[in-house]
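What follows is a set of notes on a single structure, which appears directly below.
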Amino acid sequence: MTKKYYLTTPLYYVNAAPHIGHAYTTVAADVLARFMRQRGKSVHFLTGTDEHGAKIEKVAQEAGVSPQAYADKISAEFRELWAHLDVHYDDFIRTTEERHVAAVRKAFQALLKSGDIFKGRYEGFYCVSDETYWTKTEAPEDAKGRRLCPNPECRRPLETVQEDSYFFRLSRYQEKLLALYRDNPGFLMPTSRAPEILRFVEGGLQDISVSRTKVKWGIPVPGDEEHTIYVWFDALLNYASAVWDGPAPSPEFWPADVHIVGKEIYRFHAVIWPAMLMALGAPPPRRVFAHGWWTVEGEKMSKSKGNFVDPRHITAEFGVDALRYFLLREMPFGNDGDFSREAMKKRYNAELANDLGNLVNRTVDMVDRFLGGELPTKESAVPLSFLKNSPEKIEEALADNLENLGFSAALASIWSVIGELNAYINAESPWKIAKTDPERTRRVLFGLVQALRRVAGWLGPFMPQTAAKIQAQLGVRQFPAPLSAEEVLAGAEKGIGKIQKAPPLFPRKP
Ligand code: MSP
């Protein structure tokens with residue numbers, strides 16, 4: 001049995017409809033999953049929804065429906081959006097599913113038994129919106145005597161909590177966590193964010209409350225059903241419960257290769273989650289990658305501003321692939337970025353309509369006009385020596401970047417080839433030599449077609465529809481997904497039939 005390449009997104013809360021922030025993480029994971037499949041790996045890509053806790057309880061009550069009914073509706077919206085965005089996950093987990101509930105109860109019991117969970121009394125403060133506990137020193141009273149959530153992005157009033165509670169002995173794992181970070185330099189990614197975690201853990205870890213009596217919408221504590229399990233303790237376990245095999249996650253999947261998360265939930269994933277796994281006797285994940293946040297027109301997306309960007313609004317105007325492209329190209333994964341229609345349109349017109357779209361169009365047009373639609377085959381292929389870097393070199397760069405979630409740099413290296421191909425057309429001007437030098441015209445156009453077939457293969461994980469359209473125009477045999485690297489290459493070499501003219505891939509936007 002070979003271990004699968006196992007990657008995950010966070011489980012999204014079902015309190016509100018999905019927006020581009022959620023699309024960002026999920027599309028990134030999809031690109032990585034598709035890339036790994038293309039390289040012949042057996043991939044397991046997990047996403048899903050986080051459905052318990054005070055936050056969902058509250059919105060459902062306000063809406064006058066049961067939390068389960070509320071969760072059913074929003075969870076379905078997430079799945080519909082992923083289908084719309086061509087996200088091919090292998091499994092979608094909901095924390096209200098029996099397979100998950102059963103695994104969480106097993107894990108809780110095991111930790112009670114080992115003494116990693118114990119009963120005590122919790123006195124402190126709780127932010128329902130962030131589903132996070134705070135101490136009185138972390139959240140001191142302000143001038144008006146209020147305690148507000150210390151998270152600068154939140155600042156909502158905190159709830160005072162005084163109740164019996166179960167605690168997870170996080171303090172036990174400080175040294176082991178520090179050793180994990182030290183011995184596995186690839187664990188905390190991007191490296192620019194590692195210091196914040198190191199400082200936090202070096203500062204000393206407190207045991208954390210992992211149950212509530214006031215929250216009814218949760219998994220009951222086994223044997224003490226007055227308590228429900230803290231929503232984060234419940235939700236983090238999804239990564240294991242989805243691949244559960246008896247008392248632990250199955251070695252066919254575990255350890256996870258990468259958990260992709262937003263920067264605001266890095267601590268939960270880089271500190272609490274590996275400590276929970278250590279307590280359960282399971283190995284930690286191989287990597288936790290915390291990406292940056294999107295603002296919209298310079299502002300944080302929020303309910304009060306009502307400025308959440310609905311991904312469907314963008315795809316209606318620009319198409320699915322353009323949104324996928326923009327999200328991953330705009331800034332390095334790990335950095336923050338700003339979303340605006342203007343920025344989207346700029347990249348769309350310059351990079352998709354002009355650089356890529358025109359290149360394909362011009363090439364197809366010239367092959368039709370000057371070669372009667374003849375396409376290169378494996379036998380008639382020409383060397384691609386006019387390229388500065390060989391396709392193999394570009395593929396190495398792509399692999400290096402994508403293995404480290406460097407999506408933007410990977411796209412930049414593809415666009416460097418696209419730029420070269422456009423310059424090559426201009427320099428060779430086939431329309432000038434078509435009559436006088438048909439041999440050279442044929443060589444130039446074959447080179448362009450061959451190179452573009454490779455480009456389409458590289459674009460596949462990022463823009464699956466566009467890649468398929470280009471391949472269809474250039475006579476590449478269509479394979480059922482997923483494509484291995486060999487299949488992509490074989491398709492790029494073979495060539496079937498004649499060139500197929502098609503409408504522009506990315507019509508310019510005014
Ligand atoms: N339910 C928890 C996660 C539990 S994981 C075991 C949660 N859910 S959430 O619905 O709030 O989703 C948070 C995630 O959505 C972020 O970590 C990030 O992946 C994505 N994003 C939400 N807003 C975002 C931006 N504005 N920008 C980028 N990503 C954002 O937290």
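For ligands, and for the atoms within them, numbers begin at 1 and follow the listed sequence. FYI, the numbering just counts along the sequence from 1.
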For ligand 1, which atoms have a heavy atom of [X] less than 4.0 angstrom away?
X: T25; result: 18 (C), 19 (O), 20 (C)
X: D50; result: 1 (N), 2 (C), 4 (C)
X: A235; result: 6 (C)
X: H291; result: 18 (C), 19 (O), 28 (C), 29 (N)
X: P10; result: 5 (S), 17 (O), 19 (O)
X: M301; result: 26 (N)
X: W294; result: 25 (C), 26 (N), 27 (N), 28 (C)
X: G292; result: 28 (C)

- Can you tell me if W273 has a non-hydrogen atom under 4.0 Å from ligand 1?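 Not so, W273 does not reach ligand 1.
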Under-4.0 Å salt bridge between [X] and [Y]:
X: R94; Y: E51; value: yes
X: R347; Y: E330; value: yes
X: K263; Y: E153; value: no
X: D257; Y: K3; value: yes

Counting only heavy atoms, tell me which of [options] gets closest to [atom].
atom: atom 16 (C) of ligand 1; options: K55, E264, H22, H19; value: E264
atom: atom 20 (C) of ligand 1; options: G21, A16, S302, A290; value: G21
atom: atom 2 (C) of ligand 1; options: V231, D130, L11, I260; value: L11

Under 30°, 30 to 60°, or over 60°: which ring-plane class applies to [X] and [Y], parallel, tilted or perpendicular?
X: H291; Y: Y24; result: perpendicular
X: F268; Y: W232; result: parallel
X: F168; Y: Y173; result: parallel
X: F78; Y: Y12; result: parallel

- Task: With heavy atoms under 4.0 Å as the rule, classify the contact between H269 and ligand 1 as side chain, backbone, both or neither.
- Result: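 The side chain, only.
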- Specify side chain, backbone, both or neither for Y239, according to which of its non-hydrogen atoms lie closer than 4.0 Å to ligand 1.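 Within the 4.0 Å criterion, Y239 contacts ligand 1 through side-chain atoms alone.
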- Note on the structure: For atom 12 (O) of ligand 1, the closest protein heavy atom turns out to be Y12 CD2, 3.5 Å
- Message: What protein heavy atom lies closest to atom 10 (O) of ligand 1? Include the residue and the distance to one decimal.
- Response: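 Nearest protein contact, heavy atoms only, for atom 10 (O) of ligand 1 is Y13 N, 2.9 Å.
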- Message: My understanding is that only one of Y70, Y230, W217, Y13 makes a ring-ring contact (aromatic ring centres under 6.0 Å, His included) with H52; could you say which?
- Response: W217
- Can a cation-pi geometry be assigned to R212 and Y126, taking NZ or CZ under 6.0 Å from the six-membered ring centre and within 45° of the ring axis?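 Yes, R212 and Y126 form such a contact.
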